[in-house]
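Everything below concerns the one structure shown next.
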Protein chains: 2
Amino acid sequence: MMLSDAMEDYLKAIYRLQSETGTPVSTSAIAEEVEKTAPTVTSMVQNLAERGLVEREKYKGVELTPEGETVALEVVRHHRLLEAYLTEQLDYSWVDVHEEADTLEHHISEEFEQRVAEMLGDPDVDPHGDPIPGADLRPLDGDETTPLSDHDAGDRVVVSRVRDRDEAELAYLDDAGIRPGTVVDVVNVAPFGMVTVRIDGDEQSLPEAVARTIRVRPARADRTPTEGVSDA
Amino acid sequence: MMLSDAMEDYLKAIYRLQSETGTPVSTSAIAEEVEKTAPTVTSMVQNLAERGLVEREKYKGVELTPEGETVALEVVRHHRLLEAYLTEQLDYSWVDVHEEADTLEHHISEEFEQRVAEMLGDPDVDPHGDPIPGADLRPLDGDETTPLSDHDAGDRVVVSRVRDRDEAELAYLDDAGIRPGTVVDVVNVAPFGMVTVRIDGDEQSLPEAVARTIRVRPARADRTPTEGVSDA
DNA sequence: GTCGTGGATTAGACGTGTCTAATGAATAAG
DNA sequence: CTTATTCATTAGACACGTCTAATCCACGAC
């Protein structure tokens, strides 16, 4: 199937939103993600539905079909492989690979994808810690990580992934020494929206908004973090 | 100036045709080069003229302005750097880099271009022997090479460049051991459209149509090839 | 010089992706 | 249960790049 760049972008957006929330995705959420107006999204979504890439219930929301998910996974694979490649082979900083990958992801051939993957030894994660879908495009496993902001004082965690889309935020984290693999001790979760942590013996405070975008896993297997949503 | 991929393709096409012939370029020539219909070309050319990228005389032909040439040179630089990069760093064969480069040339950033150029040590030519415009995008020097088919029996020449656009032809040349740098002795130019050459002691015959796409320079400075067009 | 032919342009249409303005549905508040 | 608000959709327009069909210009043959 021949898809436009725009369509791939919408599918990627829906994929991301759907992964985050686990529920059908609203028109306005997509609109925000792709930076287009709501009517534009409606008409694109209709188009995607006609092609069998999404399932849509009017006035409710939209979900990817398996075919749609496969396309999204392909785009995500391209994106993350490119981020890894640009960082490792072309000396890009992890702070600014995102933009370049966002364009190129739509324009590389199957062959390019394969060669890059091979060159990198089929990596599992990109420089921000995000998992790279395999060449088979099987859906990714559920996310085991939790937001740093959901943890309590005393927890020791390992940074698993950080959000790749905001350059300023990435630059901030880079400066703070926070990247995938960094061990973080939660010192204090203050009520005023700051989280104090110790990294490498060094204490520092992060805005809660930032802490929320840092996904972590327990540093020791016997410690489980508090879940943000107490579930049903 | 924000140009579409399509516009860049037209400018590149005009650049190539203009370099080959040295004269204004016809609508039909462009149409063939970009594989679009003549009316499509007319309307695109009007558009380019409005933007000051080409000079146009209705019913006559079109030429690049200096600005248009600069854009074309940028695209060509991207294309040829990419061909060099894909060949050297990603193990592509020179036979099939062209297609990948043709797409990517429109989508790499200035930063990408710089890093690739640096990684390769600012190469002067791509894998097919075509000159790579410098970062300053100064017009390329005039072409000193001559078609192999313009030479006579007894001439010893060095292959300078081969046409990069026809994969079948490239595969053929690759198989024949003909690439930039190959030393070729012209054995015989038969009237029936075949050119016999000796390469590495090995004699073989090439169709004249192919020999015409192989650009060569004299192997010794004191020997000048016969010019195809006896000029005015 | 006239005319015919071939190439170029204009006319008019279409698909895609986008927008703003107007309308319609779902839902939360009372 | 009604209504107000919010969010989604429909209506209609536009830019862009493309096409086919119709018309127009230039130039070589006579």
Side-chain angles (χ1 to χ4, degrees), chain A residues 1-15 17-18 20-21 23-64 68 71-72 75 102-103 105-107, chain B residues 1-15 17-18 20-21 23-64 68 71-72 75 102-103 105-107:
Chain A
M1 188 158 18
M2 196 52 222
L3 300 181
S4 66
D5 296 8
M7 273 195 189
E8 292 184 350
D9 277 335
Y10 283 94
L11 290 172
K12 188 175 61 154
I14 296 166
Y15 175 78
L17 294 166
Q18 200 173 263
E20 269 171 20
T21 65
T23 63
V25 177
S26 73
T27 299
S28 49
I30 300 170
E32 169 153 30
E33 185 84 7
V34 300
E35 298 181 282
K36 296 275 147 29
T37 62
T40 299
V41 172
T42 296
S43 86
M44 187 74 251
V45 164
Q46 284 166 346
N47 198 332
L48 292 170
E50 276 161 23
R51 297 185 190 227
L53 297 168
V54 301
E55 199 68 61
R56 165 175 140 81
E57 203 172 343
K58 259 170 74 164
Y59 292 101
K60 289 292 172 45
V62 66
E63 281 178 290
L64 295 175
V71 174
V75 178
D102 241 15
T103 303
E105 65 186 6
H106 305 297
H107 303 292
Chain B
M1 187 159 19
M2 194 54 222
L3 299 181
S4 66
D5 296 8
M7 273 195 187
E8 291 184 351
D9 277 335
Y10 283 94
L11 290 172
K12 187 175 59 152
I14 296 166
Y15 175 79
L17 294 166
Q18 200 173 264
E20 271 172 20
T21 66
T23 63
V25 178
S26 73
T27 298
S28 49
I30 301 170
E32 169 152 30
E33 185 84 7
V34 300
E35 299 183 281
K36 296 276 146 35
T37 63
T40 300
V41 172
T42 297
S43 87
M44 187 75 251
V45 164
Q46 284 165 347
N47 197 333
L48 292 169
E50 277 161 23
R51 297 185 190 226
L53 296 167
V54 302
E55 200 68 59
R56 166 175 140 82
E57 203 172 342
K58 259 170 74 166
Y59 292 100
K60 291 291 172 46
V62 66
E63 280 178 291
L64 294 175
V71 173
V75 178
D102 240 15
T103 303
E105 64 187 7
H106 305 297
H107 304 292

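By convention in this document, chain letters (A, B, ...) are assigned in the order of the sequence lines, proteins followed by strands, and residues within each chain are numbered from 1.
Among the heavy atoms of the strands lying under 4.0 Å from B:S28 are primed sugar atoms or P, OP1, OP2 only; no base atom is included.
The distance between atom CD of B:Q46 and atom P of D:dC16, rounded to the nearest whole Å, is 13 Å. Counting to the nearest Å, the P atom of C:dT9 and the CD atom of B:E57 are 11 Å from each other. Spacing between atom CG of A:L11 and atom P of C:dG17 amounts to 12 Å, rounded to whole angstrom units. Between B:E8 atom CD and D:dC16 atom P the separation is 16 Å, expressed in whole Å. Atom CE in A:M2 sits roughly 15 Å away from atom C1' in C:dG17 (whole-Å rounding). The separation between B:R56 atom CZ and C:dG7 atom C1' is 13 Å, rounded to whole Å. The distance between atom CG of B:L3 and atom C1' of D:dA15, rounded to the nearest whole Å, is 16 Å.
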Using a cutoff of under 3.5 Å, can you pull out all pairs of nitrogen or oxygen atoms linking the protein to nucleotides 1-3 of chain C, with atom names and distances?
none

Tabulate atom names and distances for all N/O pairs under 3.5 angstrom spanning the protein and nucleotides 23-28 of chain C.
none

Hey, what are the protein-to-nucleotides 17-22 of chain D N/O distances that come in under 3.5 Å?
| residue | atom | partner | partner atom | Å |
| --- | --- | --- | --- | --- |
| D:dG17 | OP1 | B:S4 | OG | 2.6 |
| D:dT18 | OP1 | B:K36 | NZ | 3.4 |
| D:dT18 | OP2 | B:Y10 | OH | 3.0 |
| D:dC19 | OP2 | B:T37 | N | 3.0 |
| D:dC19 | OP2 | B:T37 | OG1 | 2.9 |
| D:dC19 | OP2 | B:T40 | OG1 | 2.5 |

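Summarising the geometry, atom CG belonging to A:L11 is positioned 8.0 Å from atom CE belonging to A:M7; distances are rounded to the nearest 0.5 Å. In this structure, OH in A:Y15 is found 11.0 Å from CD in A:E20, a value given to the nearest 0.5 Å. Distance check, rounded to the nearest 0.5 Å: CD of B:Q18 to OG1 of B:T23 gives 8.0 Å. Remark: B:S26 OG to B:E32 CD distance equals 9.0 Å, nearest 0.5 Å.
In plain terms, the two heavy atoms of B:V75 and B:H106 that are nearest each other are CG1-CE1, 4.3 Å. Residues B:E105 and B:D9 share a closest heavy-atom pair of OE2-OD1, 3.7 Å. Heavy-atom minimum distance, B:I14 versus B:V25: O-CG2, 4.0 Å. Minimum heavy-atom separation, A:L64 to A:A72: CD1-CB, 4.2 Å.
The backbone N or O of B:K36 lies less than 3.5 Å from no partner atom in the side chain of B:T40, so there is not a single donor-acceptor pair.
Applying the side-chain hydrogen bond (donor to acceptor under 3.5 Å, both in side chains) rule to pairs touching residues 46-63 of chain A yields A:N47-A:R51, sequence neighbours excluded.
Partners of B:D102 under the salt bridge (Lys or Arg N to Asp or Glu O under 4.0 Å) rule, at least two apart in sequence or in another chain, are B:K12.
Among A:L3, A:V45, A:V34, the single residue meeting the side chain to side chain contact (heavy atoms under 4.5 Å, CB included) criterion with A:Y10 is A:V34.
At least one side-chain heavy atom of B:L53 sits under 4.5 Å from a side-chain heavy atom of B:V71.
Between the axis at the start and the axis at the end of the helix from C:dG1-D:dC30 to C:dG30-D:dC1 there is an angle of 10°, using five pairs per end and rounding to 10 degrees.
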